[in-house]
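Attaching a single structure in structure tokens format; questions to follow.
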Amino acid sequence: MKEHDRIEMNPGIIFGKPVIKNTRITVEQIMRKLAGEMTIEEIIADHPHLTREDILAAHEFAADYLADKEIAFV
């Protein structure tokens, strides 16, 4: 998977889940908010230290992560 400058995974932060650098906001949290039809502006209102670029970076990371996964059909 390619490197993402705004995303970090550290075993000492949220059990190694991918987070926006220098925060404890996970990519999963951002994706769930987007899936719940929150706008980028609403997410930033909830987390003023985030930027539009942070949210887009989380979205890109999630897409790249899924692109690297093998899917098994049963």
I want to check something: taking the side chain as every heavy atom from C-beta on, are K17 and M9 in contact at a cut-off of under 4.5 Å?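 No. Closest side-chain heavy atoms not under 4.5 Å.
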Ring geometry between Y65 and F61 (parallel below 30°, tilted from 30 to 60°, perpendicular above 60°):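 Plane angle under 30°, so parallel.
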Just verifying a value: how many Å separate R6 CZ and T51 OG1, rounded to the nearest 0.5 Å?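 Output value for this atom pair is 4.5 Å.
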So L50 and I30, side-chain contact (heavy atoms from CB on, under 4.5 Å) or not? Walk me through it. CA-CA 10 Å; L50 294 181; I30 293 171; 4.3 Å; yes
Return all side-chain donor-acceptor pairs below 3.5 angstrom for residues 18-26, not counting sequence neighbours, or 'none' if the list is empty.
| unit_1 | atom_1 | unit_2 | atom_2 | d |
| --- | --- | --- | --- | --- |
| K21 | NZ | D5 | O | 2.9 |
| T23 | OG1 | I20 | O | 2.7 |
| T23 | OG1 | I25 | N | 3.0 |
| T26 | OG1 | Q29 | N | 2.9 |
| T26 | OG1 | Q29 | OE1 | 3.3 |

Who are the salt bridge (Lys or Arg N to Asp or Glu O under 4.0 Å) partners of E60, not counting sequence neighbours?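 Salt bridge (Lys or Arg N to Asp or Glu O under 4.0 Å) list for E60, sorted by chain: K2.
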With sequence neighbours excluded, tell me which residues meet salt bridge (Lys or Arg N to Asp or Glu O under 4.0 Å) with R52.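 Once residues adjacent in sequence are excluded, R52 has no partner under the salt bridge (Lys or Arg N to Asp or Glu O under 4.0 Å) criterion.
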Could you measure the distance from the CD1 atom of I14 to the CD atom of E8? Nearest 0.5 Å is fine.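 Spacing of CD1 (I14) from CD (E8) equals 10.5 Å.
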For I55 and L34, run side-chain contact (heavy atoms from CB on, under 4.5 Å): C-alpha distance rounded to whole Å, both residues' side-chain angles, the deciding distance at 0.1 Å, then the answer. CA-CA 9 Å; I55 295 165; L34 290 169; 4.3 Å; yes
Let me confirm one number: the NZ-OG1 distance from K33 to T39, rounded to the nearest 0.5 Å.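 Going from the NZ atom of K33 to the OG1 atom of T39 covers 11.0 Å.
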I'd like to check D54 versus I7 (side-chain heavy atoms, cut-off strictly below 4.5 Å). Are they in contact?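 Side-chain contact under 4.5 Å: no.
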Decide yes or no for D46 and M38: does some side-chain heavy atom of the first lie under 4.5 Å from some side-chain heavy atom of the second?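 Yes, at least one pair of side-chain atoms sits under 4.5 Å.
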Using a cut-off of 6.0 Å, state whether more than 12 heavy atoms not belonging to H47 lie near its atom NE2.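 Yes - once you tally the heavy atoms of other residues, nucleotides and ligands closer than 6.0 Å, there are more than 12.
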Which pair of heavy atoms, one from V27 and one from A58, lies closest together, and at what distance?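 So the two residues come closest at CG1-O, 3.6 Å.
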